[in-house]
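Data first, discussion second: the structure below is written as structure tokens.
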Amino acid sequence: MTEVRGPVRVRFAPSPTGFLHVGGARTAIYNDLLRQSAGGAFVLRIEDTDRERSDEAMTHQIQSALQWVGVEWDEGPFLQSERLDRHRARAEELLASGGAYRCFCPPEELDRQRQEAQRRGDAFRYPRTCLRLSEAEVRERLARGEPFAVRCRMPDEPIRFHDLVRGDMEFPPEALDDFVLLRSDGTPTYHLSVVVDDVDMGITHVIRGEDHLSNTPKHIALFRAFGAVVPAFGHLPLILGPDRKRLSKRIGSTAVEEFRAEGFLPQALYNFLALLGWNPGGEREILSRREMIELFSVERLNASAAVFDREKLGWMNAQYLSGLPLAEIRPHLEPFLAEVGLGGGKVDEARLAAALELHRTRARTLRDLAQAVVPYFASQLDYDQALCGKYVDDPKVAEGLGALRERLLALPEWEKGAIEAELRAVAEARGVKAGAIIHPTRMALSGASAGPPLFDLLEVMGQEATARHLERFAACLREEFRTAPTG
RNA sequence: GGCGCAUUCGUCUAGGGGUCCAGGACGCCGCCCUCUCACGGCGGUAACACGGGUUCGAAUCCCGUAUGCGCUACCA
């Protein structure tokens with residue numbers, strides 16, 4: 001019944017007052033999904049009419065964030081601020097046709113009345129004082145140069161519409177206020193601008209945040225006043241923080257850019273956000289944009305608010321990190337490699353690729369992954385003395401590692417099967433279990449007590465670096481760790 | 001205050017009158033795999049906000065209540 005077919009024209013209309021918020025990104029994603037699955041066009045429009053709060057740099061930020069996360073638009077970006085004359089002209093038309101009227105009431109007076117009404121517990125609507133002004137009086141006050149706003153004349157019947165997400169909606173006339181279209185300084189208000197733009201851009205489906213649900217009757221009245229086709233509306237619930245309040249800065253990241261900087265893959269963020277309030281039907285949760293486009297339908301959009309679950313995002317990112325072809329991950333990884341000094345092809349590519357392959361199932365973020373691969377290229381490693389304490393007290397360890405080093409150095413072919421055979425021989429010769437050699441060796445080579453299977457690690461590390469790290473670690477065991485202050 | 005929207009495991013959700021003593025996923029716990037960690041596999045923990053109806057039968061329909069959120073501007 002609410003199924004959407006055929007070409008659509010959707011839009012995403014952020015205000016450039018800050019970075020792209022994940023809530024905004026999700027709205028953009030659903031518009032993207034709808035546009036891609038139904039065909040048509042996605043219009044990007046920047047609602048920068050609030051000069052005070054708008055920032056041109058943010059306009060670029062928002063675009064790059066959208067691009068990064070994988071939302072594609074067909075038209076725009078259009079700047080609403082460049083269309084102000086058009087908005088004003090359309091308000092003039094309404095004035096001429098009777099769809100709007102001039103209001104000379106001083107705002108302070110209206111404020112007073114509003115507070116009064118609130119104190120009584122009543123809903124406040126503009127009392128239409130100026131609607132009853134005679135033409136002569138209007139002319140006279142105009143001639144006197146009295147300031148005026150232009151108000152939309154709202155209908156006296158209820159406004160009904162079918163929300164794509166929430167179903168049938170009805171707003172009684174008592175709830176419909178004659179809202180301002182043009183301020184007394186002649187600038188258009190948000191409601192006017194939005195509707196004029198949506199009409200001019202031929203928008204057929206408005207998918208936006210729940211905060212606009214109560215504004216929709218105003219918009220519908222305007223569409224009708226303009227004699228335009230009223231688009232279909234769908235109102236998305238908000239994204240909540242773990243405290244069940246509107247997702248806020250103080251709980252953690254909220255901007256797409258921040259997730260990018262923390263090392264999340266755009267594919268994962270897109271997937272995660274898409275599933276926060278939409279259910280594709282099956283039980284699979286890891287879905288590519290392609291698959292989601294196939295599966296998308298507005299009927300399966302959820303009407304209730306969802307808590308943003310960082311843990312699950314982390315899990316999803318890990319899934320993409322281990323599942324995506326390495327080639328797809330690499331470009332996103334590059335900045336993080338640079339952060340740890342491994343960027344720009346400075347290190348052996350084959351070794352780097354092999355190391356990444358070994359660690360990708362163990363990382364949650366790109367940052368983790370870049371960090372994990374550092375030991376393979378470090379000339380010298382730092383060891384945590386507390387973790388090495390158990391090896392210091394066992395003289396067999398240093399001796400065993402020395403022996404292992406000799407044998408590995410003598411290996412004609414650097415291959416994990418052969419490496420393993422040597423290590424096991426060393427252990428057996430000393431009457432200890434392989435683990436007694438394996439664990440200190442891992443520590444020696446990676447500076448960590450956990451990581452990939454040791455023989456894989458060794459193979460990737462290479463003969464030269466292995467020997468070097470083994471030698472230094474054994475030396476540390478014998479000398480430094482004993483004399484250095486423990487802590 | 002008024003108007004509106006929402007309410008299934010801690011979280012994301014499936015469910016649209018009987019197939020539900022409620023299914024999947026994240027998290028958590030246990031087991032398996034195993035040189036450690038992770039991946040993976042197997043198992044477990046945990047929910048229909050509350051109260052009234054309607055009905056032979058309600059998580060599913062209706063009405064209240066509670067809670068949360070949104071709007072209530074010559075902000076967007």
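Everything numeric in this text was worked out from a predicted model, so none of it was measured. All chains are named by letter (A, B, ...) in the order of the sequence lines, taking the proteins before the strands, and each is independently numbered beginning at 1.
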Atom C1', compared across rA49(B) and rU60(B): separation rounded to whole Å | 16 Å

Quantified in whole Å, what is the P atom distance between nucleotide rA14(B) and nucleotide rG23(B)?
-> 15 Å

So what does His359(A) hit on the nucleic acid, given a heavy-atom distance under 4.0 Å: a base, only sugar-phosphate, or nothing?
-> nothing

Tell me what Arg300(A) touches on the nucleic acid: a base, only sugar-phosphate, or nothing, going by heavy atoms under 4.0 Å.
-> sugar-phosphate

Integer angstrom distance from the C1' of rC61(B) to that of rG16(B) | 10 Å

Considering only heavy side-chain atoms of Thr189(A), the closest of rA76(B), rC71(B), rC12(B) is rA76(B)

So what does Gly277(A) touch, heavy atoms closer than 4.0 Å: a base, only the sugar-phosphate, or nothing?
-> sugar-phosphate

Roughly, in whole Å, what's the span from CD in Glu299(A) to C1' in rG15(B)?
-> 16 Å

Do Ser193(A) and Pro188(A) come within less than 4.5 Å of each other through their side chains, counting heavy atoms only?
-> yes

Grab the CG-C1' distance between Asp309(A) and rC9(B) for me, whole Å please.
-> 13 Å

P gap between rU65(B) and rG1(B), integer Å = 13 Å

Assign Arg360(A) to base, sugar-phosphate, or nothing according to its heavy-atom contacts below 4.0 angstrom with the strands shown.
-> nothing

Can any side-chain N or O of Trp414(A) pair as donor or acceptor with the backbone N or O of Leu458(A) at less than 3.5 Å?
-> yes

With a 4.0 Å cut-off on heavy atoms, is Arg310(A) in touch with a base, just the backbone sugar-phosphate, or nothing at all?
-> nothing

Base-pairing mate for rA38(B) - Watson-Crick or G-U, with both contacts under 3.5 Å | none

Please work out if Glu285(A) contacts a base, only the sugar-phosphate, or nothing of the nucleic acid, heavy-atom cut-off 4.0 Å.
-> base

Those residues at least two apart in sequence (or on a different chain) that pass salt bridge (Lys or Arg N to Asp or Glu O under 4.0 Å) with Glu357(A) are Arg360(A)

Would you indicate what His235(A) reaches in the nucleic acid, counting non-hydrogen atoms under 4.0 angstrom: base, sugar-phosphate, or nothing?
-> nothing

Summarise how protein sits on nucleotides 1-7 of chain B as a single string, 5' to 3': B when a protein heavy atom is under 4.0 Å from the base, S for sugar-phosphate-only contact, - for no contact.
-> BS-SBSS

Write down the distance between CG (Leu79(A)) and C1' (rA76(B)), rounded to a whole number of angstrom.
-> 15 Å

Figure out the CZ/C1' separation between Phe272(A) and rA25(B), and round it to whole Å.
-> 11 Å

On a plain distance test, is the side chain of Ser184(A) in donor-acceptor contact with the base of rC74(B) below 3.5 Å?
-> yes

Name the closest nucleotide to the Lys245(A) side chain, picking from rC69(B), rC12(B), rA76(B).
-> rC69(B)

Verify, without hydrogens or angle tests, whether Arg367(A) (side chain) and Gly263(A) (backbone) share a donor-acceptor contact under 3.5 angstrom.
-> no

Nearest-Å distance once atom P is located in both rA38(B) and rC31(B) = 13 Å

Reading nucleotides 31-43 of chain B from the 5' end, what letters show protein touch, with B for base, S for backbone sugar-phosphate only, - for no heavy atom under 4.0 Å?
-> ----BBBBSS---

Assigned partner base of rC3(B), Watson-Crick or wobble definition, under 3.5 Å = rG70(B)

d(CH2, Trp278(A); C1', rA25(B)) in whole Å = 15 Å

Separation of rG24(B) atom C1' from Asn279(A) atom CG, nearest Å, is 9 Å

Who does rU65(B) pair with, Watson-Crick or G-U, both distances under 3.5 Å?
-> rA49(B)

Nearest-nucleotide comparison on RNA chain B, the residue closer to the 5′ end among Cys103(A) and Leu240(A) = Leu240(A)

Quick one: which of rG15(B), rC74(B), rU11(B) gets closest to the side chain of Pro107(A)?
-> rC74(B)

Identity of whatever pairs with rG10(B) - Watson-Crick or G-U, under 3.5 angstrom | rC26(B)

Taking atom P in both rC20(B) and rA59(B), compute the distance separating them and give it to the nearest angstrom.
-> 13 Å

Please state whether the phosphate of rG24(B), meaning OP1 or OP2, lies under 4.0 angstrom from any side-chain nitrogen or oxygen of Arg284(A).
-> no

When the aromatic ring centroids of His205(A) and Tyr30(A) are compared, is their separation below 6.0 Å?
-> no

What pairs meet the side-chain hydrogen bond (donor to acceptor under 3.5 Å, both in side chains) rule with one or both residues in residues 262-278 of chain A, with sequence neighbours excluded?
-> Asp32(A)-Tyr270(A), Ser253(A)-Glu262(A), Asn271(A)-Tyr320(A)

Span that lies between the P atom of rC69(B) and that of rC63(B), in whole angstrom | 24 Å

N or O in side chain of Arg114(A) less than 4.0 angstrom from rC74(B) OP1/OP2 | yes

Please check if the distance between the ring centroids of Tyr190(A) and His87(A) is under 6.0 Å.
-> no

Euclidean distance, atom NE2 of residue His212(A) to atom P of rA76(B) [Å, nearest integer] = 11 Å

Euclidean distance for P, rA73(B) against rC50(B) (whole angstrom) | 36 Å

Would Arg330(A) and Leu352(A) count as a side chain to side chain contact (heavy atoms under 4.5 Å, CB included) if you check the C-alpha gap in whole Å, the side-chain angles of each, and the deciding distance to 0.1 Å?
-> CA-CA 11 Å; Arg330(A) 280 306 294 278; Leu352(A) 178 56; 3.6 Å; yes

So, do Phe259(A) and Phe308(A) have ring centers that fall under 6.0 Å from each other?
-> yes

According to a strict under-4.0 Å criterion, is Arg244(A) in side-chain N/O contact with OP1 or OP2 of rC69(B)?
-> no

For Leu238(A) and for Leu110(A), find the nucleotide of RNA chain B with the closest heavy atom, then tell me which residue's nucleotide is more 5'.
-> Leu238(A)

Using both distances under 3.5 Å as the test, list the Watson-Crick or G-U wobble partner of rC56(B), or none.
-> rG18(B)

Residues two or more places apart in sequence or in another chain: which of them pass ring-ring contact (aromatic ring centres under 6.0 Å, His included) with Tyr126(A)?
-> none

Does Ala274(A) offer a backbone N or O that forms a donor-acceptor pair with the side chain of Arg26(A) under 3.5 Å?
-> no

Arg208(A): salt bridge (Lys or Arg N to Asp or Glu O under 4.0 Å) partners, not counting sequence neighbours = none

Given the side-chain rings of His219(A) and His191(A), with only the six-membered ring counted for Trp, is the space between their centroids under 6.0 Å?
-> yes

In whole angstrom, what separates Glu283(A)'s CD from rG15(B)'s P?
-> 11 Å

At under 4.0 Å between heavy atoms, what does Thr441(A) touch on the DNA or RNA strands: base, sugar-phosphate, or nothing?
-> nothing

When both distances are under 3.5 Å in a Watson-Crick or G-U wobble arrangement, the nucleotide paired with rC33(B) is none

